[in-house]
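To start, the structure itself, in structure tokens.
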Amino acid sequence: MWTKKDLQKLIKDKMGDYLFIVVSNRQPYVHVLKKGQVVCQRGAGGVITALDPVMQACNGIWVAFGSGEADRQASDSEGKIMVPPDSPSYTLKRVWLSKEEENGYYYGYSNEALWPLCHMAFQRPTFRTNDWQYYKTVNEKFAKAIIKEVGKKRAFIWIQDYHLCLLPKMLKEMAPKQLVVAHFWHIPWPNYETFRICPQKKEILEGLLANDLLGFHIRYHCDNFIDIIDREIESKIDRERFAIVRSKRETLIRPYPISVDFEGISEIANSAQVRDASKALEEEYGLSRYKVLLGLDRIDYTKGIPERLLAVDRLLEKHPELKEKIVFLQMGEISRIHIPKYKALNDEINALVEQINWKHSTEGWKPVILVRRHLSFHELLAFYRLGDICIVSSLHDGMNLVAKEFISSRSDEGGMLVLSQFTGAARELIESITINPYDRDQFSQGILEAIKLPDKERIRRMRKMRKVVQQNNIFRWAGKILSELLKFEFKE
Ligand code: F6P
């Protein structure tokens, strides 16, 4: 089993004097103003959950967009600050973007073009030339910031996600001999039929092929990528080594299922602080008398939140005896709210909650509680510990770390997971109750099955899933990628 120590040792033994730089759009720590005071918060989202423990183990530099209102105040003149605040162990270097750049690159091209293009959630992508221009400009800004850090050194660069497709090529052009570059794609990679509509497809593929190593969560996404390269780009595909060769340059394509820090989460979830927080939340939301169904997501149309609410509705229609016995607690952090589809989704969720509560509520009881606020990590774990059943119903998801966090937090062997078959996690967590979020009856039946699961069988399944996440933990994910990355040699 990979541990944080193994990862640290790998880096210490093999990284030598080379620089190690992680790059992502979202920063691991954000500075905000609360009552006039600068406060540091841990950022939200899967990439951060995964990489913060990795960076704490390897003391490198993390380059990201400085999006917080108090970020400039908290950083030095080069946009740098040591993090995490309670035990500073690596450098966060912030890249500053104008409002127009943020709009075009983040809200526009990344999240209105690439996000719907890669997720099969039947949302039509919007490709605006203007957004694409900003996407290029911002990728270039990141490239320049990184090259400034690299200076004359040699560096291993590890890029995250779909916001930075063009960065690998830009970096390799700016410093061809000094860099080894890997890229991990945190969302699904679509098939050819879907991808071919993208007007900028050639530039995106060329950008990604400048990586030495390109990782996806699952083999299926690797196959999709290779198939697209085969049809779109002149190259040699080495199917035995899973590599794409172009003019003597090679990109290895590999599946690396991402995970969470199982031991770390288990430990914190067992702490007195989380236990107290659980108690407080139980009281605040009046949950003690009910079986708690839990949903916990960024509010995003790929997460299947309306589908989940409708499945709860169907469950209560078919089984009114469950009234006053269950409560569905949906936690949702607002996300990408400036995009009309996200705003519309928020409104849809509000309306559905209203409707379902009106339809089924009795005196003193309502079936759905919607909580929308930022959760600290301790609060997040406290919620996981409160849930009898955690429901993950993504319409399409590269992996889904909520499922793995929930499993990791249940060292008490409590709880059960209801999981969409369209998540990467469903391939590993086969002891969960898998559902099709598009099939309302089957979905509600799955929730009922979880409610009725005898304790002995539930514990057996939870133990198995906990073993899986413990083995395939975040350090294994990072260790495997870094082991491959560190095999590359710098060009003479
Ligand atoms: O998991 C995919 C992902 O895009 C991550 O890269 C990101 O951290 C997360 O979703 C949240 O999205 P955003 O950074 O746009 O809030």
Side-chain angles (χ1 to χ4, degrees), residues 22-30 32 41-55 62-68 71 92 94-95 97 101-121 123 125 131 135 138 142 158-165 167 183-190 215-218 221 256-260 296-305 331-339 341-343 345-346 372 374-375 377 380 392 394-405 420 422-425 474 477:
V22 159
V23 198
S24 68
N25 169 67
R26 189 61 72 186
Q27 52 181 351
Y29 292 90
V30 56
V32 294
Q41 286 179 346
R42 190 168 179 263
V47 178
I48 289 157
T49 312
L51 279 170
D52 187 48
V54 175
M55 285 305 277
W62 187 327
V63 181
F65 163 38
S67 57
D71 279 352
L92 168 61
R94 288 165 166 154
V95 174
L97 304 184
E101 285 172 336
E102 185 181 353
N103 258 330
Y105 140 83
Y106 173 76
Y107 288 106
Y109 201 80
S110 297
N111 287 315
E112 285 193 274
L114 288 176
W115 180 268
L117 183 73
C118 291
H119 287 92
M120 219 10 146
Q123 291 286 346
D131 290 346
Y135 187 84
V138 172
F142 271 84
W158 188 9
I159 304 168
Q160 313 297 320
D161 240 332
Y162 57 99
H163 313 85
L164 299 164
C165 289
L167 183 59
H183 201 140
F184 189 78
W185 193 262
H186 288 262
I187 61 176
W189 185 275
F216 298 93
H217 289 298
I218 54 175
H221 299 152
Y256 299 107
I258 200 169
S259 193
V260 294
L296 223 148
D297 318 73
R298 227 170 16 85
I299 304 286
D300 191 294
Y301 54 79
T302 61
K303 303 292 180 190
I305 302 169
M331 311 288 307
E333 196 165 346
I334 302 274
S335 169
R336 305 175 189 169
I337 197 67
H338 305 304
I339 299 175
K341 279 171 193 158
Y342 285 76
K343 194 173 173 316
L345 174 68
N346 267 293
R372 279 211 177 104
H374 175 82
L375 297 179
F377 194 56
L380 179 82
V392 172
S394 309
L395 306 181
H396 198 191
D397 218 329
M399 176 53 63
N400 193 283
L401 293 182
V402 167
K404 291 188 172 181
E405 276 176 352
S420 161
F422 307 122
T423 58
I474 185 62
W477 172 77

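First listed ligand is number 1; within each ligand, the first listed atom is number 1.
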Once you restrict to heavy atoms under 4.0 Å, what part of Q160 touches ligand 1? Side chain, backbone, both or neither. neither
Taking all non-hydrogen atoms of both residues into account, name the closest pair between S335 and R298 and its distance. OG-NH1, 2.9 Å
Considering only heavy atoms of Y106, which atoms of ligand 1 have at least one such atom less than 4.0 Å away? 13 (P), 15 (O), 16 (O)
Of all the atoms in ligand 1, which lie at a distance below 4.0 Å from a heavy atom belonging to W115? 2 (C), 4 (O)
Contacting atoms of ligand 1, where contact means under 4.0 angstrom from a heavy atom of Y162: 4 (O)
Filtering R298, Q27, H186, H163 for the heavy atom nearest atom 9 (C) of ligand 1 leaves R298
Would you say S335 and ligand 1 have an N/O pair spaced under 3.5 Å apart? no
Proximal ligand 1 atoms for I187, defined as those under 4.0 Å from one of its heavy atoms: 2 (C)
Distance-only donor-acceptor check, side chains N25 and Y162, under 3.5 Å: no
Measure up the F184 and Y256 rings against each other and bin them: parallel (under 30°), tilted (30 to 60°), perpendicular (over 60°). tilted
Reported NZ-to-CD1 distance for the pair K404 and I258, which is rounded to 0.5 angstrom: 8.5 Å
Go through the side-chain N and O atoms of R26 and Y106 and say whether any donor and acceptor fall under 3.5 Å apart. yes
Heavy-atom proximity to atom 6 (O) of ligand 1, best of D397, I339, D161: D161
